Amino acid sequence: MTYLAVPIAAKDLKSCKEHIAAACKAGAEMLELRTDFIEGLDTNKLKELIAAAKQTSLPIIVTCRDTAQGGQNNLPAPLRRQILTEAVKLGADLIDCEFANFLKEDFGQTIKKALAENKKTKLILSEHNFKEPIENLYEIYEEIYSVFPDAIAKTAYQAKHINDCFDAFDILREYGDKAIAICMGRFGIISRIIAKKLNAFLTFASIAEDQATAEGQLTIEKMKNLYRYDSINSDTELFGVIADPVEHSISPAVLNACFAAEKMNKVYLPLLVTDGQAGFDEFLDSITARVWLNFRGFSITIPHKVSALEYSQKKGEYIEPVAIQIGAVNTLVIGVNERITGFNTDYAGAMNALTEAMGTKKPLYNKIAAVIGAGGAARAIVAGLVDAGAKVTIYNRTVSKAQELAEDFKCRFAALEKIEETDAQIIVNCTSVGMYPKIDASPVPAKYLKPSMVVFDTVYNPLETLLLKQANQADAKTVMGSEMFIGQAAEQFKLFTHKDCPMDVLRKTTIKALSE
Ligand code: NAP
């Protein structure tokens, strides 16, 4: 079992007690009493704190962290040593001592003696680096176990790239519940969730964002409700969205809700991959070299759709022809023998959204379509429209880009201003014009919108853009960008699971997440 441990870190006992109650209510499985946070700490306060924590019947760790390793209040070594030995006598389930201090004769011997007299208490020996990854990670774990074989060895280090997490995963794979290995910072978030799959002794979560004791620590609420913590076990399959930035992606909320609705043993993670193609390649190589992590698929978004295509091509993997034609892969599936296949579901998502709104069987054949924009989204939509037999003209601010795209797909192009002259039956906005925060902009002046048109805006933030509002006022049919998102996510779900997506859950969670 991997404990979901919640640090209790407050200046006074009253607040500590409130935090203990809140942690219990939120579903904590272990409490870490960070005594170094308490002002005027002495053994009486420790006694009262432990007594309060014991009322919960949750296992308790007592920590009195040295400032050199992230502690508070600059407490002198004799006091820290006294607090830890007293905690052993008071029946704490575990104490956490910095390994560097444990190696000091007076510190280590006193703690060893207390532990020998109170066999119920276990020892965590820890090493922290708040600046960068710890280089000789294996050696530290080996040294800890050689010095005190019964110890639970813990490291916590700052990840500077998501690829720094793999060393921690290797440690957990090797030592399981005798180890804790946490990567701090925004690049280390996945280590806090994957710890449970790898049977770590514990992982930390906070009762609220402002209560986190380390950067990147998630709240219990997010762990449980967003990342399906309670259902993760060693067989859980991993998925995720590879992006930079990734913090605002709605995909984890949406895909995890769909997995949960179908009772699937899968979890979907936010994967912040930086450093362009090189960072992407190293990440994928590290994943495929570790079959036991059981990553089975990825959504790929800005700025990695081309990196994903190039990675798959370099590795000689199968890529769906339409993804090659579009020049972008937005879905990777890892199959047998860690072979990767690349797909583009933006294409299908957009076409499904459009044809469903038009409601006829062959709605796009011979229709006149205006695509505004010549970036990644436009490429997928132009590919779809041309494939369905529509007559496409691409309008773009930078005309040369429109020309390039038009040449690739054998269609027409024009400058953005020429949209005024369009006789299109279908208009698709594939620019970011109208997107939050500049929501008062539209790429097509209202007076050119007609009731005979179908207007599709790929922008989904806000849900109803100015272009769509004005199209509705002009009695045109409209298609929201959220429908394209829903369509592509449904296709991804199918590729990941070989099952149909629960569309009601997908639609509900998408609209909820986008409305927030
Ligand atoms: P991209 O590759 O960066 O392309 C951006 C396009 O927008 C280019 O054609 C660019 O014109 C144009 N543009 C940007 N600012 C403009 C302005 N002020 N005036 C006129 N044109 C402007 O981006 P992308 O990946 O294609 O994404 C474009 C939009 O599609 C985004 O807003 C995104 O929300 C949406 N999208 C939606 C979905 C979905 O599932 N609904 C999926 C993907 C993308 P230049 O060539 O002149 O720079």
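Just so it is clear, the structure is predicted and the values come from calculations on it, not from any experiment. For ligands, and for the atoms within them, numbers begin at 1 and follow the listed sequence.
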Engineer: Among E215, Q217, Q211, which residue meets the side chain to side chain donor-acceptor pair (under 3.5 Å) test with T213?
Structural biologist: Q217

Engineer: D346 versus ligand 1: do any nitrogen or oxygen atoms come within less than 3.5 Å of each other?
Structural biologist: no

Engineer: Within a distance under 4.0 Å of any heavy atom of Y460, pick out the atoms of ligand 1 and give their elements.
Structural biologist: 38 (C), 39 (C), 40 (O), 41 (N)

Engineer: Report the relative orientation of the aromatic rings in F166 and F169; use parallel for angles under 30°, tilted for 30 to 60°, perpendicular for over 60°.
Structural biologist: perpendicular

Engineer: Heavy atoms only: which of N330, N396, T345 lies closest to atom 10 (C) of ligand 1?
Structural biologist: N396

Engineer: Just do the salt bridge (Lys or Arg N to Asp or Glu O under 4.0 Å) check on K314 and D281 with the steps written out, would you?
Structural biologist: CA-CA 10 Å; K314 266 190 292 197; D281 290 1; 2.4 Å; yes

Engineer: Under 4.0 Å from a heavy atom of K401: which atoms of ligand 1 are those, numbered in the order shown and with their elements?
Structural biologist: 46 (O), 48 (O)

Engineer: Atom 27 (O) of ligand 1: which of A378, A489, A380, A377 has the nearest heavy atom?
Structural biologist: A377

Engineer: Go through ligand 1 atom by atom and flag the ones less than 4.0 Å from a non-hydrogen atom of L416.
Structural biologist: 20 (C)

Engineer: In the structure I gave you, are the side-chain heavy atoms of L218 and F204 within less than 4.5 Å of one another anywhere?
Structural biologist: no

Engineer: Hey, is ligand 1 close enough to G373 that some N/O pair sits below 3.5 Å?
Structural biologist: no

Engineer: Return yes when atom OH of Y365 has more than 12 non-hydrogen atoms of other residues, nucleotides or ligands closer than 6.0 Å, and no otherwise.
Structural biologist: no

Engineer: Protein non-hydrogen atoms only, distance under 4.0 Å: does atom 35 (C) of ligand 1 have such a neighbour?
Structural biologist: yes

Engineer: Short list, please: which atoms of ligand 1 are under 4.0 Å from a heavy atom of S432?
Structural biologist: 7 (O), 14 (C), 15 (N), 32 (O)

Engineer: Looking at atom 40 (O) of ligand 1, tell me if a protein heavy atom falls under 4.0 Å from it.
Structural biologist: yes

Engineer: Atoms of ligand 1 less than 4.0 Å from M435 heavy atoms?
Structural biologist: 32 (O), 34 (O)

Engineer: Ignoring angles and geometry beyond distance, decide whether G376 reaches within less than 3.5 Å of ligand 1 through its nitrogen or oxygen atoms.
Structural biologist: yes

Engineer: So if I count the atoms of ligand 1 from 1 in the order they appear, which ones are less than 4.0 Å from some heavy atom of V459?
Structural biologist: 32 (O)

Engineer: Using distance alone, decide if ligand 1 has a nitrogen or oxygen within less than 3.5 Å of any nitrogen or oxygen in G481.
Structural biologist: yes

Engineer: Please check this pair: side chain of D177 against backbone of A200, looking for a donor-acceptor N/O pair closer than 3.5 Å.
Structural biologist: no

Engineer: Using heavy-atom distances, let me know which of A402, A353, C430 sits nearest atom 6 (C) of ligand 1.
Structural biologist: C430

Engineer: If you count the atoms of ligand 1 from 1 in the order shown, which ones are under 4.0 Å from a heavy atom of F485?
Structural biologist: 40 (O), 41 (N)

Engineer: Any heavy-atom pair between the side chains of D244 and P303 that's under 4.5 Å?
Structural biologist: yes

Engineer: Walk me through it: do Q492 and S299 pass the test side-chain hydrogen bond (donor to acceptor under 3.5 Å, both in side chains)?
Structural biologist: CA-CA 7 Å; Q492 280 184 341; S299 311; 2.9 Å; yes

Engineer: From atom 13 (N) of ligand 1, work out which of T465, T458, T431 has a heavy atom at the shortest distance.
Structural biologist: T431

Engineer: Quick one: nearest non-hydrogen protein atom to atom 18 (N) of ligand 1, plus distance?
Structural biologist: R397 NH1, 3.3 Å

Engineer: Count the heavy atoms of every other residue, nucleotide or ligand shown that sit under 6.0 Å from OH of Y436, and state whether that count exceeds 12.
Structural biologist: no

Engineer: Just to verify, which of R296, K315, R290 counts as forming a salt bridge (charged side-chain N to carboxylate O under 4.0 Å, His left out) with E338?
Structural biologist: R296

Engineer: If we ignore hydrogens and angles and just use 3.5 Å, is the side chain of R379 paired with the main-chain N or O of L405 as donor and acceptor?
Structural biologist: no

Engineer: Look at atom 45 (P) of ligand 1 and find which of I394, L405, T398, V433 reaches it with the closest heavy atom.
Structural biologist: T398

